[in-house]
Amino acid sequence: MKARLVREDEVVVGEDEAMYTRVWEVPVPVVGSTHFYKYSLVFVCDEVCVVRFDNERGKGDHVHIDDGETPYEFHDLARLELDFRRTVREWRLQNGRLQRED
């Protein structure tokens with residue numbers, strides 16, 4: 001089996017802001033990961049990637065926020081999506097791109 005694209009989309013979330021998602025099912029786990037998915041969930045603001053969840057070969061599952069990088073504990077695709085959206089929302093709040101609702 002070759003890698004099979006299971007999801008690819010783009011969502012515009014604000015002026016000059018978009019989220020891009022690509023998920024592949026793979027026949028063997030990516031080196032550093034224990035599951036059968038290769039993924040890249042990216043949030044771009046003003047043409048700069050500011051949030052990215054991915055599992056790069058050799059690094060395993062991790063998150064990039066601005067210039068930082070931390071490990072990520074993958075559970076399943078639904079949790080990955082929730083964690084990504086929550087992180088994007090937090091970034092937008094912290095950077096004045098979104099107003100907090102009371």
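Because the structure is a prediction, the values reported are computed rather than measured. All values below were derived from every heavy atom in this structure, side-chain atoms included, with hydrogens, water molecules and symmetry-related copies excluded.
Residues D61 and S33 form a side-chain contact, since some pair of their non-hydrogen atoms from C-beta on lies under 4.5 Å apart. Side chains of H35 and N55 form a contact here, defined as non-hydrogen atoms less than 4.5 Å apart. Two residues are said to be in side-chain contact when any heavy atoms from C-beta on lie closer than 4.5 Å; E81 and R7 meet this criterion. Contact of the F36 side chain with the P27 side chain is not registered, since no non-hydrogen atoms from C-beta on lie closer than 4.5 Å. Here the side chains of V13 and F43 are in contact, with some heavy-atom distance below 4.5 Å.
In the hydrophobic cluster analysis, where Ile, Leu, Val, Met, Phe, Trp and Tyr join through side-chain heavy atoms closer than 4.5 angstrom, L77 is grouped together with M19. In the hydrophobic clustering of ILVMFWY residues, with side-chain heavy atoms under 4.5 Å counting as a link, V26 and Y72 come out apart. Note on W24 and V30: separate hydrophobic clusters, where clusters join Ile, Leu, Val, Met, Phe, Trp and Tyr whose side-chain heavy atoms are under 4.5 Å apart, directly or indirectly. Hydrophobic cluster membership is shared by L41 and V11, with clusters built from Ile, Leu, Val, Met, Phe, Trp and Tyr side chains linked at under 4.5 angstrom. Linking Ile, Leu, Val, Met, Phe, Trp and Tyr residues whenever their side-chain heavy atoms come within less than 4.5 Å places W91 and L80 in a single cluster.
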Review item, side-chain donor-acceptor pairs of residues 45-52, under 3.5 Å, at least two apart:
{"from": "D46", "atom 1": "OD1", "to": "R97", "atom 2": "NH2", "distance (Å)": "3.0"}
{"from": "D46", "atom 1": "OD2", "to": "R97", "atom 2": "NH2", "distance (Å)": "3.0"}
{"from": "R52", "atom 1": "NE", "to": "D54", "atom 2": "OD2", "distance (Å)": "3.4"}
{"from": "R52", "atom 1": "NH2", "to": "H64", "atom 2": "NE2", "distance (Å)": "2.9"}

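Atom-to-atom distance recorded for R4:CZ and K2:NZ is 14.5 Å, nearest 0.5 angstrom. A distance of 11.5 Å separates NE2 in H75 from CG in L82, rounded to the nearest 0.5 Å. Expressed to the nearest 0.5 Å, how far OH of Y37 lies from CD of E25 amounts to 5.5 Å.
Classified by interplanar angle (parallel below 30°, tilted 30° to 60°, perpendicular above 60°), the ring pair F53/F84 is perpendicular.
Closest approach of L5 and V23 over heavy atoms only: CD1-O, 3.5 Å.
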